[in-house]
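Report on one structure; see the data block that follows.
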Amino acid sequence: MSKGPKKKKADTDLQAPRGTRDFYPDDMRRRSWLFDIFRRTAMQFGFEEVDAPMVEHAELFIRKAGEEIVDQLYHFEIHDRHLALRPEMTPSIARMIIAHQGGMRFPIRWFTLTQNWRYERMTRGRRREHYQWNMDIWGEPGVEAEAELLSAMMTALDALGLARGKVHIRLNSRRLLEESLRDGVLADRPQAFEPLCVVIDKIDKIGAQAVTDLLCETTSEKGEAIGLSPGEAEHVLEMLGARSLDDAQKFAASESAALNELRQLYDLLDAYGIADQIPFDASVVRGLAYYTGVVFEAFDTAGTLRAIAGGGRYDRLAETLGGKPVSAVGFGFGDAVIGELLEDEGLWPALTRPLDDVVYAFGPDEKSAAIRVANRLRSEGRKVELCLGVAKLKRILGDADKAGAQNVYIIGEDERARGVVKVKDLATQQEHEENLDAVRAAETRQP
RNA sequence: GUGGGCGUAGCUCAGUUGGUUAGAGUGCCAGAUUGUGAUUCUGGAAGUCGCGGGUUCGAUUCCCGUCGCCCACCCCA
């Protein structure tokens with residue numbers, strides 16, 4: 001940089017917008033490592049990957065149950081359209097299913113790896129943008145679907161290197177709650193159930209009394225008023241204390257379908273060998289309105305971080321969005337909290353740049369030979385960096401070594417004249433020569 | 001939204017009780033016999049000391065404001 005007149009200060013802000021991240025190569029390698037585990041796990045379970053636009057019609061996400069996710073919608077109007085960045089993937093998946101519902105063969109197993117947006121204040125493990133791995137099963141009403149998803153979640157946690165016991169998945173059933181209120185306050189107003197769950201989800205944060213107050217309110221600022229009687233509210237809160245199915249039975253209706261379903265689920269989880277990692281906890285209801293049945297959330301056992309992943313059954317979402325009824329269950333697993341946990345546990349692996357070979361030509365006269373060598377190696381499936389411009393061999397070797405490459409292919413005037421390329425193995429420091437003719441023969445096989 | 005901490009080189013930070021030319025480590029660039037990696041050695045580039053205003057002969061330092069980042073609280077996927 002020259003001295004002289006001061007540079008004009010750039011008027012662009014070089015920082016990424018608040019709550020968003022840049023992924024430089026080091027960050028990107030970690031992200032890819034994490035995503036590869038998600039993707040591999042999903043594949044192991046026979047799921048197919050799908051995607052949808054990051055921008056959707058805002059109304060796809062707007063629900064009236066007072067959910068935070070709706071309050072924090074990243075939305076805007078442009079050319080008379082009200083659009084929103086997706087805060088979660090489930091509504092888009094539902095939209096895709098409904099749009100082709102007639103031709104779908106259920107059950108459907110889909111997964112996604114997507115960036116989701118929420119306009120919110122930032123804290124550790126929470127930003128305005130995050131990536132989420134979603135796994136969903138559509139068209140299977142039985143808890144076999146839940147069991148399969150929970151097993152997939154545990155499989156991914158194992159693959160990440162988290163020791164068994166580091167993470168637990170708490171599990172409950174909204175249906176259990178719904179059953180107990182069905183003949184009471186919900187008899188006239190079944191739609192009050194969703195806001196009721198949204199309110200109950202806050203119990204750890206705002207306390208039992210505040211939740212009771214909200215449950216008994218008859219008018220509400222945002223969303224629908226629930227209007228339980230004090231007795232009903234008390235009953236609900238009592239139920240939330242259950243930490244085993246036997247506890248829950250004391251509150252459940254006799255012949256409770258929800259309870260039978262849970263017992264069946266735990267039998268399945270036992271067969272998967274993960275039942276002991278998934279304690280029943282009646283206080284888990286999740287903050288999203290659309291869940292109807294089993295709900296669950298994964299958290300670090302030490303309890304220092306917020307929930308790592310969560311999900312549940314949402315059997316009525318399709319109808320809500322205008323489709324025919326289809327049962328569905330799924331979970332979301334974000335990159336933020338798990339990233340913090342892997343950091344705390346020192347579980348991020350050392351990741352180097354994926355590079356096998358470097359091809360180097362001393363001068364312009366050797367460039368075309370270098371290109372032929374690179375072509376051949378690439379066609380063999382190797383990851384090859386072809387040196388561009390002019391650079392010193394010393395620097396090339398140093399960089400190749402740091403990047404973890406295996407070989408450096410060197411072509412100078414001498415090699416070119418003799419029709420060979422010098423190959424240096426960086427680990428053994430040994431060099432040998434390969435014939436350029438062989439290279440040419442290989443190249444002709446290329447289209 | 002409230003309170004606290006912090007903004008100095010690409011990165012991690014030191015420092016200036018207000019005073020010439022602002023430092024270290026690391027990284028980067030160049031060199032240590034023409035075409036060979038580590039370490040080492042030598043040299044070099046690089047900072048409007050976040051931004052704006054005030055006090056002062058003089059501000060990176062003190063004061064005010066502002067923006068940004070971090071932590072806690074609040075709120076909650």
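We name chains A, B, ... by the order of the sequence lines, and we start the count at 1 in each one. No hydrogens, no waters, no symmetry mates; every other heavy atom, side chains included, goes into these values.
Checking C73(B) for Watson-Crick or G-U wobble geometry (two distances, each under 3.5 Å) identifies G1(B) as its partner. For C62(B), the paired nucleotide is G54(B), the pair qualifying as Watson-Crick or G-U wobble because both relevant distances are below 3.5 Å. Across every strand in view, U20(B) sits unpaired, with no contact that passes the Watson-Crick or G-U test at under 3.5 angstrom. Both distances falling under 3.5 Å, in either a Watson-Crick or a G-U wobble arrangement, place U42(B) opposite A30(B).
Comparing G7(B) with G52(B), their C1' atoms are spaced 15 Å from each other, to the whole Å. Separating the C1' atom of G18(B) from that of U60(B) is a span of 10 Å, rounded to the nearest Å. Rounded to whole Å, the C1' atom of C51(B) lies 22 Å from the corresponding atom of C13(B). When the C1' atom is compared between G47(B) and G27(B), the two are found 16 Å apart, to the nearest whole Å. Separation of the P atoms belonging to U26(B) and A38(B) is 15 Å when rounded to the nearest angstrom. Remark: the separation of the P atoms in U42(B) and A24(B) is 13 Å, to the nearest Å. Rounded to a whole angstrom, the distance from the P atom of C71(B) to that of G10(B) is 24 Å. U61(B) and G65(B) have their P atoms separated by 15 Å, with the value rounded to a whole Å.
Between E140(A) and R109(A) there is no salt bridge, since none of the side-chain N atoms of the basic residue sits less than 4.0 Å from a carboxylate O of the acidic one. Salt bridge annotation for R418(A)-D414(A): present, with a cationic side-chain nitrogen under 4.0 angstrom from a carboxylate oxygen. Look at E77(A) and R81(A) and you find no salt bridge, because none of the NZ, NE, NH1 or NH2 atoms lies under 4.0 Å from a carboxylate O. Salt-bridge formation is detected for the pair E56(A)/R95(A): a Lys NZ or Arg NE/NH1/NH2 atom is positioned less than 4.0 Å from an Asp or Glu carboxylate oxygen. A salt bridge links E120(A) to R126(A): one of the charged nitrogens lies within less than 4.0 Å of a carboxylate oxygen.
Counting any heavy atom pair closer than 4.0 Å across all strands shown, D425(A) reaches a base atom. Within the 4.0 angstrom heavy-atom criterion, base atoms lie near A309(A). Base engagement by I410(A) is indicated by at least one non-hydrogen atom pair under 4.0 Å involving a base atom. Within the nucleic acid shown, A400(A) has no heavy atom closer than 4.0 Å to any nucleic acid atom.
Nucleotide U36(B) holds its C1' atom 10 Å from the OH atom of Y360(A), rounded to whole Å. When the C1' atom of U36(B) is taken as reference, atom NZ of K402(A) falls 15 Å away, rounded to whole Å. E120(A) places its CD atom 15 Å from the C1' atom of G1(B), with the value rounded to the nearest Å. The distance from atom OH of Y119(A) to atom P of G1(B) is 10 Å, rounded to the nearest whole Å. If you take CG of D399(A) and C1' of C28(B), they are 11 Å apart, rounded to a whole angstrom. Following rounding to the nearest Å, L397(A) (CG) and G35(B) (P) show an atom-to-atom distance of 13 Å. Summarising the geometry, the separation between CD1 on I396(A) and P on G37(B) is reported as 13 Å, rounded to the nearest angstrom. For the pair I411(A) CD1 and U36(B) P, the interatomic distance rounds to 17 Å; values are reported in whole Å.
At the phosphate of U34(B), neither OP1 nor OP2 sits under 4.0 Å from any side-chain N or O atom of K392(A). Distances shown here put every side-chain N or O of K394(A) at or beyond 4.0 Å from the OP1 or OP2 atom of G31(B). Between R395(A) and the phosphate of U36(B), there is no side-chain N or O to OP1/OP2 separation shorter than 4.0 Å.
For the side-chain contact (heavy atoms from CB on, under 4.5 Å) test with L426(A), the passing option among L397(A), N407(A), D357(A), V358(A) is L397(A); the others fail.
Annotation: H57(A), atom NE2; neighbour count of heavy atoms from other residues, nucleotides and ligands within 6.0 Å does not exceed 12. Counting non-hydrogen atoms of other residues, nucleotides and ligands closer than 6.0 Å to NZ of K367(A) gives a total above 12.
Residue side chain E431(A) reaches the base of U36(B) through a donor-acceptor N/O pair under 3.5 Å, judged by distance alone. Contact annotation: side chain of E415(A) to base of G35(B), donor-acceptor pair present below 3.5 Å.
Counting heavy atoms from C-beta on, the side chains of E415(A) and E366(A) never come closer than 4.5 Å.
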Detail all sub-3.5 Å separations between protein N/O atoms and N/O atoms belonging to nucleotides 70-75 of chain B.
from   : atom 1 : to      : atom 2 : distance (Å)
C74(B) : O2     : R121(A) : NH1    : 3.2

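Ring geometry for W133(A) versus F38(A): interplanar angle under 30°, hence parallel rather than tilted (30 to 60°).
Both P17(A) and L393(A) sit near RNA chain B, but only L393(A) has its closest nucleotide nearer the 5' end.
Considering only the side chain of K422(A), U36(B) comes nearest among G37(B), U36(B), C29(B).
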